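Heads up: the structure comes next, in structure tokens.
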Number of protein chains: 2
Amino acid sequence: MPAGRPMRADARRNYDKIVATARVVFAERGTDCSLDEIARRAGVGPGTLYRHFPTREALVDALMKDWAGRVVRDAEAAVTADLPARATLMTWFESFVEHITLHRGAAAKLCAAMDDPSSPIFGKCQIMGEANRRVLDHLEARGELRPGVDAQNVMRIIGGIASVTDSSRVDLDVRPMLEVVVDGLVTD
Amino acid sequence: MPAGRPMRADARRNYDKIVATARVVFAERGTDCSLDEIARRAGVGPGTLYRHFPTREALVDALMKDWAGRVVRDAEAAVTADLPARATLMTWFESFVEHITLHRGAAAKLCAAMDDPSSPIFGKCQIMGEANRRVLDHLEARGELRPGVDAQNVMRIIGGIASVTDSSRVDLDVRPMLEVVVDGLVTD
DNA sequence: CCAGAATACGGAGACTGTCTCCGTTTTAGC
DNA sequence: GCTAAAACGGAGACAGTCTCCGTATTCTGG
């Protein structure tokens, strides 16, 4: 991002207050909570919130500041652990699901943004996509992946599992589902 | 459903008008359109709509009157065609996705209702679940399915793929994704 | 066929959430 | 300090959900 000139002190203060409050409220009520409530609890007017974050996704994006680093780190860890393909994929996919379901409702938003370059969180999807490709390429190079598998589609499948799990009333275990996908990806 | 007494003539008339209009508006704008708009276009007051259909899902459910029959028929067809496991699953899963994405936004609602007996469309999920189990049981009996696969989870995975596809801005082909899942389900 | 009871209608409006506009306040730079 | 630029914040427009209750329609039995 172009630096522009530094933010004015009050702007910076409010920006930070909003982000901090959003983190709390998103955790409490999920990503679809009222934005005006966040503004109220942050002690700013709604106008201030919307000036800093024109859309809900822009706010979600701001919360994911250090998220990208964690994603890349986990992908790298899965690769360097140098385990059998099945274990590598399971580890990575579990991380994937965990990252994408940080807040309730986030998974569906991320999935929807995967093919929407105009979305503020499209960049995050790209990062996720690159991390995912990193893992798959590694396995492919070792011939442990079935040919013709598109990394983007793998991301969609795992994203779908995460979304469904996230929107379910009950607490589901994603691993059996991930195992099916893993079995569908590895060569035997 | 217990018959109760027959509906009053005007009630029946309005009920039918609302359902017919909802079919049109859902097709135009998806399952998340304004319910008041449906009422307006059906020429009834909002009160009337909400009396007949207390929730949006109750209305969705009413639209799926003949849906259940089609689902069961397709599952049966996939079984009786007696094709190899891969082809059977692909055929069935493609039908599954088609049925669950009848209207934009429907897939996510169906998935969320899968584990929510209080949802008006829970019954539809049950039907879908039984149809799906029917197909999987058939393959399992022939030893063409990997052991330990839970039909409910398969439904969630396919539902997830459908949801993600449905919410995507671009027009995706689900088949490559379904193929991964199929590969993960069949014995080689 | 008509009167009365039962049922259903419908729309005004309460409520909640989104988002904007613009008069007022705060900050930064000189 | 003074001024211009930047940011604030909250009133309020707008849209969607959903309810309440006075009014209208339908059904029933005499």
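Lettering of chains follows the sequences in order, A, B, ..., and the numbering in each one begins at 1. In this text the structure is predicted, and so the values were computed from the model without any measurement.
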Query raised in the report: If you measure only the distance, is there a donor-acceptor pair under 3.5 Å linking the side chains of A:Asp116 and A:Ser118?
Result: yes

Query raised in the report: Given atom CD1 of A:Ile38 and atom P of C:dG17, what is their separation to the nearest angstrom?
Result: 12 Å

Report task. Could you state the atom-to-atom distance from CG of A:Leu59 to P of C:dC19 in whole Å? Result -> 12 Å

Query raised in the report: Taking side chain as C-beta onward, heavy atoms only, is B:Val79 less than 4.5 Å from B:Thr88?
Result: no

Requested in this report: For the pair B:Phe53 and B:Tyr15, name the ring-plane relationship: parallel under 30°, tilted 30 to 60°, perpendicular over 60°.
Outcome: tilted

Query raised in the report: Are a donor atom and an acceptor atom from the side chains of B:Asp115 and A:Ser168 found within less than 3.5 Å of each other?
Result: yes

Query - Value in whole Å for how far the C1' atom of C:dG10 lies from CD1 of B:Ile18 - result: 11 Å

Query raised in the report: With distance as the sole criterion, is a donor-acceptor pair present between the side chains of B:Thr48 and B:Asn14 under 3.5 Å?
Result: no

**Report entry** Contact state string [nucleotides 25-30 of chain D, B base, S sugar-phosphate only, - no protein heavy atom under 4.0 Å]
**Finding:** BSS---

Query raised in the report: When the ring planes of A:His99 and A:Trp67 are compared, do they come out parallel, tilted or perpendicular, using 30° and 60° as the limits?
Result: perpendicular

Query raised in the report: Are OP1 or OP2 of C:dA8 and a side-chain N or O of B:Thr48 less than 4.0 angstrom apart?
Result: no

Report task. Give a yes/no answer on whether the side chain of B:Asn14 brings an N or O atom under 4.0 Å of OP1 or OP2 in C:dA8. Result -> no

Query - Reading 5' to 3' through nucleotides 11-23 of chain D, protein heavy-atom contacts under 4.0 Å coded B for base, S for sugar-phosphate only, - for none - result: B----SBBB----

Report task. Ignoring hydrogens and angles, state whether a donor on the side chain of A:Glu57 or A:Ser119 is under 3.5 Å from an acceptor on the partner side chain. Result -> yes

Query raised in the report: Is the distance from OP1 or OP2 of D:dA7 to the nearest side-chain N or O of A:His52 less than 4.0 Å?
Result: no

Query raised in the report: For B:His138, what residues pass the ring pair (Phe, Tyr, Trp, His ring centres under 6.0 Å) criterion, not counting sequence neighbours?
Result: none

